[in-house]
Structures are given as C-alpha cells and as structure tokens.
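Source: prediction; values computed, not measured. Below, read A as the first sequence line, B as the second, and so on, with proteins coming before strands; counting in each chain starts at 1.
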Amino acid sequence: MRVIVILIALLVGSATGLGLTWLASARSNGFGAVQVGAWTAWPRSGTSDADPYARAVFARSGQLPIERADGLVFEATATDNGSAIDGRCETRIAGRLPPARLWTLTAYDTRGRLIDNSAERYGFNSTEIVWNHDGTFEITAAPRARSGNWLPTGDRDRIVLLLRLYDAPLGLASRSDQPLEMPSITQVNCP
Amino acid sequence: MRRYAVPIAVGLVLGGLVHLTTVLALPRLALEDAFARVERLGPANQVHLIPAPTPFESVLPQLDPSFAHAACRYDLSQTPLRITIPLAPDYMSVSFYTRHGLPYYALNDRAASQRVIDLLLMTPQQRAALPQDEEITAADRLIVESPAEEGIVLVRAFVRERGVLEAVTARLKEAKCVPLV
C-alpha cells in the first residue's frame, strides 16, 4: 500500500513538473511581455537580464534572439479580435509602425519554419513594400495570389507573424512613454 | 478517495520542484541549442556563412529571410580574438551570445566610425592582463568582454532586395574572427 502511495506522489510530481516545463518553454518567451493590439514583444528577453523561462525557450528552440540594441521583435498569432490567424482566410495587416531604421514582417508556421510558396515570398521589408500615399501600408496574407502586397500563407491553418523593428529607439520601459502604434490585423473570407 | 489526497498533494509540490529544476537546467541540457547548430558549420574562431533559410531547412530557427547571416563560434581559452567586419551599404549588426544562446551585447553599423567594425573580444581576465601602454589599447579599438571563454558572434546584414544579395554575401565572406597573436 505504501509503495502505491509513494508511486502516485512520484507520478503526479514528474507529470506536472515536466508538463509545466514543456508548456512554458513551448508557448511563451518569458516574463515582461509588452502587448500592443494583437502584437506581443518580450523586450527583456533580448538582453542578458532574460529570465530563466526565456533562457529555457531559447535553448530549447535553438534560436539566437535579436539583442535589444539590435532590434525588437513583435509576434502575432491572433487577430485584433482574438481569433487565431488562419492562413486559409484573407488576413489584412494594415496601419503604421513605430519609428525604426528598418523593419521586416515574416510569416512562419507554428514550428518556426518559413512557408513554402512558388513566389519565394516569405515576408516584406520596409524598403520593398508598396506604401500608401499617407504613409500607411497594407499587407494581405492569403493563400492565393492577389494584387498589392501579397504574403502567401500556403493554406496553413495557423500562421505566426513576426514583425522585427531594427535599430528602433522605442521606450517600452516606463508607463509615461507614448503608446506604440502597431498595425491592425483583421481577417475576412474564411472558409 | 481521502487516502490519495496526501500523495497527490505531495506530488504537486514535487511537481513544482521538478518544474523549477528543469527550467533552470534546460539551457545546459538542450542538445539542439544554437551552439550545437553553429558548431556544425565548421571549426571555432572562423567566420562561417549561414545558408539562407528555406521552408525546409534552416541552420537556426526563426532567421529573418530579409537578412544574410554569418556566425563565428569562439573559444577564448588561448588568446583574445580580433573581429573585423567590413560593412555593406545597408544595415548591419553584430551580436554576441553566450554558450547558451543568451545575447549580452550588440552593435550596428552606425557605431562604426569607418566602413568596418573592428573590435577585440576577450574575457574579463584577459582584459585585466592587458598591459596599459600597449599598442592594442593605443589603437583605441573597441573591446567587448565575453562573460565566458565560449560563445557565438552573429553578423546580420540586411538584404534590401534579391539583387544585392551577392554583394552583401561578398562582404560577409570578408569578415574575420581570428586569434590575436
């Protein structure tokens, strides 16, 4: 009887412990997330002050994160109203960006791989994109080719967008900082 | 049912401990971390070009496809390193990572006075041992202190459009990461 009791304790212990670690290192980039609309950034994770969760994520994924002095990465997995970004829909990413020397917007699948397409178009950068006259831009992520800034989604059901701002003097530290202006993400024509 | 309440409670506490230990240990246990991936590119203290990421293959996950990358896995156990990176006309940056993929320093092309980033990478001990009046310090070269003997230097070079890829890659090929003798 005692053996069973000890076994239960050990089983519950290892299951919850390892499960929590797996979840934490797969789904988040640590503490100190900054949320602007549909976008999330982890400014502290790009410094040597990164918390143990951020360190675990980097080690597990094998990535070399962008250092804060180099740039800042924003991630979006959902639209403005919270539904997951679905590559089978038409997803409109539109608006303005915070000041930066340059930026890139890239679409990945949920495992961090680029999305295969015959146009070899994996994203846009600030120099090649077609801007609107008023200084805003609009990108449409969709499975099939269309005019304008088209970002192929390869019919994936889940898309992860990474927006990287390079050499961006953003103040994210204090509450008095200007609110950041980030592009909106809306989705139409879902199957 | 009551008799299982205690073992389950004990198990949950144990689970918390397991969770904390594994999170803290993960950087040391991960087999496919950035260091292992860069190690496959070639020997230490040399700059290696990282092939452009494709949907099927990428040396490192989540590389920016608008950039060309080069990496130098360094080992300072013998001597400090001199790192020189000729700059392309567009944005370029060099970032320094620990053995476990944690960034500790970065600078971009704006920080370079000439059209080249030229710096010395050394451990705090090696820096302390530098003679004050030697040529090295007189050259006023930037010194980056690595927290440990091993780590990674990653160069990111912006590729504005496909047409300039070749020119940018050519500059990256000229980058050097050599022991200081």
Looking only at I6(A), L11(A), T106(A), I4(A), the option with the highest number of non-hydrogen pairs under 4.5 Å against chain B is T106(A)
So, the part of R164(A) with a heavy atom under 4.5 Å from chain B: the answer is side chain
In terms of heavy-atom pairs under 4.5 Å with chain A, the winner among L63(B), L24(B), L20(B), L29(B) is L63(B)
Among residues 34-53 of chain B, those lying within the under-4.5 Å heavy-atom range of chain A are A34(B), R37(B), P53(B)
Any Y4(B) side-chain heavy atom under 4.5 Å of V5(A) side chain:
no
Scanning both residues in full, the closest heavy-atom pair of L26(B) with A56(A) reads CD1-CB, 3.7 Å
Applying a strict 4.5 Å limit to non-hydrogen atoms, the region of L64(A) in contact with chain B is both
Please set out all donor-acceptor pairs under 3.5 angstrom arising from side-chain atoms of residues 6-19 of chain B, sequence neighbours excluded.
unit_1: H19(B); atom_1: ND1; unit_2: T21(A); atom_2: N; d: 3.1
unit_1: H19(B); atom_1: ND1; unit_2: T21(A); atom_2: OG1; d: 2.9
unit_1: H19(B); atom_1: NE2; unit_2: Y53(A); atom_2: OH; d: 2.8

Chain B shares the most heavy-atom pairs under 4.5 Å, among R101(A), Q63(A), R55(A), with R101(A)
Pair count under 4.5 Å, heavy atoms only, with chain B: among G13(A), S48(A), G112(A), highest is G13(A)
Those residues of residues 98-109 of chain B that come under 4.5 Å of chain A on a heavy-atom basis, listed by number, are G101(B), L102(B), P103(B), Y104(B), Y105(B), A106(B), N108(B), D109(B)
Same cluster (ILVMFWY, side-chain, under 4.5 Å), L172(B) and V164(B): no
Exercise. What do you reckon, is CD of E57(B) surrounded by more than 12 foreign heavy atoms closer than 6.0 Å?
Worked result: no
Original post:
Can you tell if the side chain of F56(B) reaches within under 4.5 Å of the side chain of L114(A), non-hydrogen atoms only?
Top reply: no
When the 4.5 angstrom heavy-atom criterion is applied to L18(A) and chain B, the contacting part is both
So, the part of F158(B) with a heavy atom under 4.5 Å from chain A: the answer is side chain
Do L60(B) and Y108(A) land in one hydrophobic cluster if side-chain heavy atoms of ILVMFWY residues count as linked below 4.5 Å?
no
Note: S61(A) and P61(B) closest approach over all heavy atoms is O-CG, 3.0 Å
Q. If we only count heavy atoms from C-beta on, is the Y122(A) to P55(B) side-chain gap below 4.5 Å?
A. yes
Checking R113(A) against Q62(B) for the side-chain contact (heavy atoms from CB on, under 4.5 Å) test, could you report, in this order, the C-alpha distance in whole Å, the side-chain angles of both residues, the deciding distance, and whether it holds? CA-CA 7 Å; R113(A) 292 174 307 198; Q62(B) 288 192 356; over 6 Å; no
Exercise for the section: Examine V59(B) and L154(B) and state if one hydrophobic cluster contains both, with Ile, Leu, Val, Met, Phe, Trp and Tyr joined whenever side-chain heavy atoms are less than 4.5 Å apart. Expected result: yes
- prompt: Going through the checks in order, is the side-chain contact (heavy atoms from CB on, under 4.5 Å) test met by T127(A) and E161(B)?
  reply: CA-CA 8 Å; T127(A) 57; E161(B) 41 160 358; over 6 Å; no
Scored by heavy-atom pairs under 4.5 Å with chain B, the best of T16(A), L10(A), I115(A), L20(A) is L20(A)
Atom CD of E166(B): over 12 foreign heavy atoms under 6.0 Å: no
Problem set entry | Cluster overlap Y91(B) with W103(A), hydrophobic side-chain contacts below 4.5 Å | no
Note to self: Less than 4.5 Å apart, side chain to side chain, heavy atoms only: is that true for I66(A) and R156(B)?
What the structure shows: yes
Answer yes if V144(B) and I152(B) sit in the same cluster of Ile, Leu, Val, Met, Phe, Trp and Tyr residues linked by side chain heavy atoms under 4.5 Å apart, and no otherwise. no
Max heavy-atom pairs within cutoff under 4.5 Å with chain B, candidates V73(A), I8(A), N117(A), D109(A), goes to I8(A)
When the 4.5 angstrom heavy-atom criterion is applied to T47(A) and chain B, the contacting part is backbone
Smallest heavy-atom separation, R160(B) atom then N125(A) atom, equals O-ND2, 3.4 Å
Filtered by a 4.5 Å non-hydrogen cutoff, the part of residues 65-82 of chain B contacting chain A is P65(B), S66(B), F67(B)
Pair count under 4.5 Å, heavy atoms only, with chain A: among E32(B), R28(B), R110(B), highest is R110(B)
Applying a strict 4.5 Å limit to non-hydrogen atoms, the region of S58(B) in contact with chain A is neither
